[in-house]
Amino acid sequence: MIAVGGAIGTGLFLGSGLAISIAGPAVLLAYAVAALVALALAYALAEMMVVHPEAGGFGAIAHRYLGGMAGFVQRWIYWAAQVVNIGSEVVAAGIYFRFWYPEIPLWAPVVAFSAIMLAVNASAVRYFGEFEYWFAMIKVVTIVVFVGLGLVAIFFGLPGEPATGTGALTEHGGFLPNGIGAVWLALTVVTFSYLGTEAVSVTASESRNPTRDVPRAARGMVLRLALFYLLGMFVIVSILPWNSVSTGEELTQSPFVRLFDAAGVPAAAGVMNFVVLTAALSAMNTNLYVTSRMTYSLARDGYAPRWFAGLSRQGTPRRSLVLSAAGLALAAAVSALAPATAFPVLLGMALFGALLTWLIIFASQLAFRRRRAAAGLPASPVRLPGAPVTTVLAMAFVLAVLLTTPFTPQFAMAWKAGLPFVGVLVLAYLLIRRRARGGR
């Protein structure tokens with residue numbers, strides 16, 4: 001449920017509006033293709049984590065099988081991506097809150113929600129887990145109800161209303177209104193929607209039975225996400241004209257809420273807005289959990305100040321949590337300076353690190369298999385079907401999406417912020433290694 005909570009957030013409830021504005025109804029194709037890659041990632045992670053269920057998750061695995069630099073760069077680039085992603089989630093929560101109180105400036109709910117989520121994460125991990133379980137459950141139940149009602153409205157009609165049919169899929173420029181190239185461009189947004197799949201690996205060290213829990217969570221999670229995303233998008237683009245969902249430049253409302261608004265059911269729209277608000281807070285909560293553990297892992301390995309490796313009496317890395325709260329400060333600043341474009345800007349800044357993280361995870365899995373085979377060690381009890389061919393194909397897809405980001409206006413920031421940051425990380429690693437050798 002923690003992994004589901006991290007993945008079902010603004011990527012589905014708010015970011016989907018951007019994807020629809022780019023590709024139109026054909027966004028369904030993009031969600032299906034990205035689901036296959038996310039499923040491959042989940043299997044690759046499960047294959048490695050059942051053998052090495054340690055703190056730091058995939059970052060520690062990269063350190064073990066690709067070397068210190070890869071582990072250092074991956075953990076810090078992922079930390080940065082998730083910290084910025086935390087900012088995008090809390091900005092989305094602020095946008096949802098203003099559905100009821102549009103006169104309130106965006107920065108006010110951003111600051112309030114930030115304080116609440118920091119308090120939850122600073123508590124013992126069992127309280128965090130319980131909180132996140134119910135947050136994720138609200139999202140899952142609501143999506144199931146939303147999809148069920150939507151399908152009834154499409155094919156049978158609701159009381160007093162005729163069936164809407166699926167005319168919106170083709171009536172506004174066709175199923176591919178902007179061409180097949182637009183579907184590829186939409187993959188930048190859609191792939192980001194599956195960010196959070198990797199969170200299941202970070203929880204392995206705090207699971208009672210990682211050999212059982214991690215594979216089961218990884219397998220089931222992506223399949224459920226794909227089902228939720230595809231059916232949710234099908235309902236939206238079948239009922240609403242795709243070009244009314246979002247302008248692609250400014251996001252002020254979730255397409256899920258807009259659908260209820262268009263149907264003239266304000267009470268239902270309010271309930272749905274509450275749900276997408278809890279979804280954003282849930283994803284934000286999970287990402288704070290993940291980044292604090294990643295910082296703790298870096299500090300323990302000597303790649304961040306040792307002070308961040310401290311634990312509270314409840315066993316939570318509160319010091320690392322303070323550093324991870326930087327994303328919340330960034331969100332507050334962006335929401336105050338550019339409230340209309342805050343969400344797309346933060347999304348673009350996080351995308352580069354997320355995609356690079358996925359690339360390194362797949363590379364780690366190739367090295368993991370090769371190293372164990374060379375040492376004559378038994379294969380992992382969980383294996384990615386079709387690997388290494390599956391792994392290489394997934395890597396090629398992620399790399400192609402990454403190379404596409406400069407051509408998507410909303411994500412042009414990805415390369416501008418990402419490449420210089422990677423260069424800084426490489427230099428930082430070399431300096432740390434040189435200092436460590438000098439200390440000896």
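The residue from I22, N178, I236 that alone fulfils the side-chain contact (heavy atoms from CB on, under 4.5 Å) condition with W242 is N178. Partner W358 forms a side-chain contact (heavy atoms from CB on, under 4.5 Å) with one of V37, L399, V401 and no other, that one being V37. The residue from R372, R371, R370 that alone fulfils the side-chain contact (heavy atoms from CB on, under 4.5 Å) condition with F368 is R372.
The two residues V190 and A30 have their closest heavy-atom pair at CG1-O, 3.6 Å. Across all their heavy atoms, I154 and A163 have their closest contact at O-CB, 3.4 Å. Closest of all the heavy-atom pairs between V392 and L366 is CG2-CD1, 4.5 Å. For the residue pair A182 and A23, the shortest heavy atom distance occurs at O-CB, 3.9 Å. Scanning both residues, P25 and A168, for their nearest heavy atoms gives CG-O, 4.0 Å. Closest approach of A80 and F421 over heavy atoms only: CB-CE2, 3.5 Å.
Atom CG of L425 is separated from atom CG of L430 by 11.0 Å, given to the nearest 0.5 angstrom. For the atom pair OH (Y31) and CE (M233), the distance works out to 5.0 Å, reported to the nearest 0.5 Å. The distance from atom CD of Q74 to atom CG of L356, rounded to the nearest 0.5 Å, is 8.0 Å. Distance CZ/F72 to CD1/I77: 10.5 Å, rounded to 0.5 Å. Within the model, atoms OG of S380 and CZ of R369 stand 8.5 Å from one another, a figure rounded to the nearest 0.5 Å. Going from atom CG of L403 over to atom OG1 of T188 covers 12.5 Å, rounded to the nearest 0.5 Å.
Side chains of V73 and V426 form a contact here, defined as non-hydrogen atoms less than 4.5 Å apart. Contact check for Y78 versus F58: side-chain heavy atoms found under the 4.5 Å cut-off. Side chains of F97 and I104 form a contact here, defined as non-hydrogen atoms less than 4.5 Å apart. Here the side chains of V235 and L231 are not in contact, with every heavy-atom distance at 4.5 Å or above. Considering only heavy atoms from C-beta on, H52 comes within 4.5 Å of Y65 through its side chain. Between V147 and F234 there is no side-chain heavy-atom pair separated by less than 4.5 Å. Contact check for L29 versus F175: side-chain heavy atoms found under the 4.5 Å cut-off. Put simply, the side chain of L359 reaches to within 4.5 Å of the side chain of L402, judged on heavy atoms.
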_Using the rule given for side-chain contact (heavy atoms from CB on, under 4.5 Å), can you reason through F99 versus L277, listing the C-alpha separation, both sets of side-chain angles and the distance that settles it, and then say yes or no?_
CA-CA 10 Å; F99 172 82; L277 171 60; over 6 Å; no
*Full working for side-chain contact (heavy atoms from CB on, under 4.5 Å) between V90 and M117*: CA-CA 10 Å; V90 73; M117 290 298 102; over 6 Å; no
*Would you please test I61 and Q365 for side-chain contact (heavy atoms from CB on, under 4.5 Å) and show each step?*
CA-CA 9 Å; I61 297 292; Q365 193 247 354; over 6 Å; no
*Start with the C-alpha gap between Y43 and T390, add the side-chain angles, then the distance that decides, and say whether side-chain contact (heavy atoms from CB on, under 4.5 Å) holds.*
CA-CA 11 Å; Y43 266 101; T390 313; over 6 Å; no
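Remark: side-chain polar atoms of R75 are paired, donor with acceptor, to backbone N or O of G71 under 3.5 angstrom. Side chain of T191 to backbone of L187: a donor-acceptor contact under 3.5 angstrom is found.
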